[in-house]
Chemist: 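Encoded as C-alpha cells, here's the structure I'll be asking about.
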Amino acid sequence: MSDIEKGGLSATTPQQALGNNGVLPASYGQAVRPSRIGNPGALGLFSFASTTFMLSLFNLQTRGINAPNVVVGMAIFCGGLAQLLAGMWEFPRGNVFGGTAFTSYGAFWMSYATILIPASGIGAAYDGNEGELASAIGIYLVAWTMVTFFLLVAALRKNWGFISLFAFLTVTFALLAAAEFAGSLRLVTSRSMQVIAKSDKMSSSSTQKAGGVFGTITAFIAYYVGLSELLASEDMAVVRLPLGVFPKRVD
C-alpha cells in the first residue's frame, strides 16, 4: 500500500514550485510534498497477515483450539498498534488508500481484542443471553464486511495483489458474520427442537471453518504483498515479487 501502488509519484520541492518569479502557484498546496519516511507497507501487511493467520487457525479449531483469546496480545500490539502506526506514516507520504486501510484494520484489531478481554465487561453484559451476543458480533462483522468491500472497490485499479487481498478478506468477514448469526439460533429451549438446534450448530461450525479457510488464504496473500513491498524497498534485493500492477491511466 505504498510506492508500488502509487505508481511512483514525484515530489515537488518549494524551490521547484517557486520557479523564477518567486511566487508560489495556487496549485502548490495540493502538490505531493517530499517525505523522508520509509515505506511502512511491509510492517502493516506483515502485522495484519500474522494476526489474521493466528485467528483463522483458531476458527478452524486447529489442534482442538476453540477459544481465540490467545490472539488478544497480537490483536492489540501487532495487528492493532503496528498497523495503526503504519497507517499514520502512510498519510504524510501522500498515500490516502494505504493510510485508510492500515488505520482502519488497526482499529478493528484493537476493538476486537477489547471484546475478548474479560475486564472490558462487554462479554459479561450478555451473560445468560449468548444468542444476543452472537447477533451483536454478527452485526459488528457485517460493518467490517462493508468497509472491506469499499476498500476492494478502491483497489480495483491498483494491482492484482491488493484486489485478491481485499476480495478474500471481504468473503472472510461475510462468512464469519454468517457463522455468528447462525450461532445465535442455537439456543433452543424446547426439547422437541433438539434436532434443529443440532443442525444449526453444525451449520454455524462449518461456516466458521470456511471463514477460517478464507482467512488463512487472505493471510498468505498479505504475506506475499508485504514481502513484495519489502523487497521493492531494498536496492540489492535477491528477487522481486510481481504484484500485477495496472498501467497508469493517462487522462
Side-chain angles (χ1 to χ4, degrees), residues 1-7 9 30 32 39-49 51-53 55-56 59 75 79-115 135-181 207 210-226 228-229 243-249 251:
M1 301 179 186
S2 55
D3 297 334
I4 295 176
E5 47 136 316
K6 289 188 290 184
L9 291 174
Q30 300 175 352
V32 179
N39 179 9
L43 168 64
L45 286 162
F46 284 160
S47 300
F48 171 82
T51 314
T52 302
F53 177 73
L55 183 60
S56 296
N59 285 330
L81 180 60
Q83 274 201 98
L84 185 68
L85 291 173
M88 293 296 101
W89 288 322
E90 286 283 16
F91 282 120
R93 288 169 58 87
N95 187 2
V96 177
F97 178 83
T100 302
F102 284 140
T103 306
S104 296
Y105 291 117
F108 161 75
W109 283 116
M110 286 181 172
S111 64
Y112 182 74
T114 303
I115 295 173
S135 293
I137 294 178
I139 294 174
Y140 169 83
L141 292 172
V142 166
W144 283 103
T145 303
M146 293 190 296
V147 170
T148 306
F149 177 75
F150 298 150
L151 288 169
L152 170 61
V153 173
L156 290 178
R157 284 297 303 174
K158 295 187 179 299
N159 58 62
W160 283 108
F162 286 126
I163 292 174
S164 301
L165 174 61
F166 287 106
F168 274 90
L169 186 57
T170 300
V171 176
T172 299
F173 274 125
L175 287 171
L176 294 178
E180 292 295 338
F181 287 135
T207 307
V213 171
F214 274 85
T216 304
I217 296 173
T218 301
F220 279 111
I221 294 174
Y223 277 131
Y224 178 89
V225 177
S228 176
E229 295 220 354
L243 289 177
V245 179
F246 295 110
K248 188 175 181 180
R249 290 188 298 185
D251 295 328

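Heads up: numbering here begins at 1 and tracks the sequence.
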Chemist: Measuring from atom CE of Met110 to atom CG of Leu81, what distance do you get when rounded to the nearest 0.5 angstrom?
Modeler: 5.0 Å

Chemist: How many angstroms lie between atom OG1 of Thr170 and atom CG of Leu165, to the nearest 0.5 angstrom?
Modeler: 9.0 Å

Chemist: Check whether any side-chain N or O of Ser47 sits under 3.5 Å from a backbone N or O of Leu43 as a donor-acceptor pair, and report yes or no.
Modeler: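 Yes; at least one donor-acceptor contact below 3.5 Å.
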
Chemist: Between Asn39 and Arg93, does the side chain to side chain contact (heavy atoms under 4.5 Å, CB included) criterion hold? Intermediate values first, please.
Modeler: CA-CA 9 Å; Asn39 179 9; Arg93 288 169 58 87; 4.0 Å; yes

Chemist: Please confirm whether the ring centroid of Phe97 lies under 6.0 Å from the ring centroid of Phe166.
Modeler: yes

Chemist: Out of curiosity, Thr216 OG1 to Phe53 CZ, how far, rounded to the nearest 0.5 Å?
Modeler: 6.5 Å

Chemist: Who are the side-chain hydrogen bond (donor to acceptor under 3.5 Å, both in side chains) partners of Ser111, not counting sequence neighbours?
Modeler: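 For Ser111, the residues satisfying side-chain hydrogen bond (donor to acceptor under 3.5 Å, both in side chains) (neighbours in sequence not counted) are Tyr140.
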
Chemist: Determine whether more than 12 heavy atoms belonging to other residues, nucleotides or ligands lie under 6.0 Å from atom CZ of Phe46.
Modeler: yes

Chemist: Taking the side chain as every heavy atom from C-beta outward, state whether Thr103 and Met88 have any pair of such atoms under 4.5 Å apart.
Modeler: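 Result yes, sub-4.5 Å side-chain heavy-atom pair found.
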
Chemist: Evaluate the criterion side chain to side chain contact (heavy atoms under 4.5 Å, CB included) for residue pair Tyr224 and Ile221; output intermediate values, then yes/no.
Modeler: CA-CA 5 Å; Tyr224 178 89; Ile221 294 174; 5.6 Å; no

Chemist: Can you run down the side chain to side chain donor-acceptor pair (under 3.5 Å) pairs that involve residues 141-155, sequence neighbours left out, and say none if there aren't any?
Modeler: Tyr105-Thr148

Chemist: To the closest 0.5 Å, what do you measure between CZ (Phe173) and CG (Leu175)?
Modeler: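 That separation rounds to 11.5 Å.
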
Chemist: Just wondering, do Trp109 and Thr52 contact through their side chains at under 4.5 Å, heavy atoms?
Modeler: yes

Chemist: Write down the atom of Ser56, the atom of Gly212, and the distance for their closest heavy-atom approach.
Modeler: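 Closest approach of Ser56 to Gly212: CB-O, 3.4 Å.
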
Chemist: Going through the checks in order, is the side chain to side chain contact (heavy atoms under 4.5 Å, CB included) test met by Phe48 and Val225?
Modeler: CA-CA 11 Å; Phe48 171 82; Val225 177; over 6 Å; no

Chemist: With a 4.5 Å limit on heavy-atom distance, are the side chains of Tyr223 and Leu45 in contact?
Modeler: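 Not in contact.
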
Chemist: Which residues satisfy the side-chain hydrogen bond (donor to acceptor under 3.5 Å, both in side chains) test with Tyr112, sequence neighbours excluded?
Modeler: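 Tyr112: no side-chain hydrogen bond (donor to acceptor under 3.5 Å, both in side chains) contacts found.
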
Chemist: Looking at CZ of Phe181 and CG of Leu176, how far apart are the two atoms once the value is rounded to the nearest 0.5 Å?
Modeler: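 If we round to the nearest 0.5 Å, Phe181:CZ and Leu176:CG are 11.5 Å apart.
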
Chemist: Compare every heavy atom of Leu156 with every heavy atom of Ile163, then report the nearest pair and how far apart it is.
Modeler: CD1-O, 3.5 Å

Chemist: Could you tell me whether the side chain of Phe102 reaches within less than 4.5 Å of the side chain of Leu85, counting heavy atoms only?
Modeler: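 Result no, sub-4.5 Å side-chain heavy-atom pair not found.
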
Chemist: Between Thr100 and Glu90, does a side chain to side chain contact (heavy atoms under 4.5 Å, CB included) hold up when you go through it step by step?
Modeler: CA-CA 9 Å; Thr100 302; Glu90 286 283 16; over 6 Å; no

Chemist: Testing the basics here: between Arg157 and Phe246, what is the closest heavy-atom pair and its distance to 0.1 Å?
Modeler: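 Closest approach of Arg157 to Phe246: C-CD1, 3.6 Å.
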
Chemist: Which heavy atom of Ala178 sits nearest a heavy atom of Thr207, and at what distance?
Modeler: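 Taking every non-hydrogen atom into account, CB-CG2, 3.9 Å.
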
Chemist: Looking only at non-hydrogen atoms, find the nearest pair between Val96 and Phe91 and report the distance.
Modeler: O-CE2, 4.0 Å

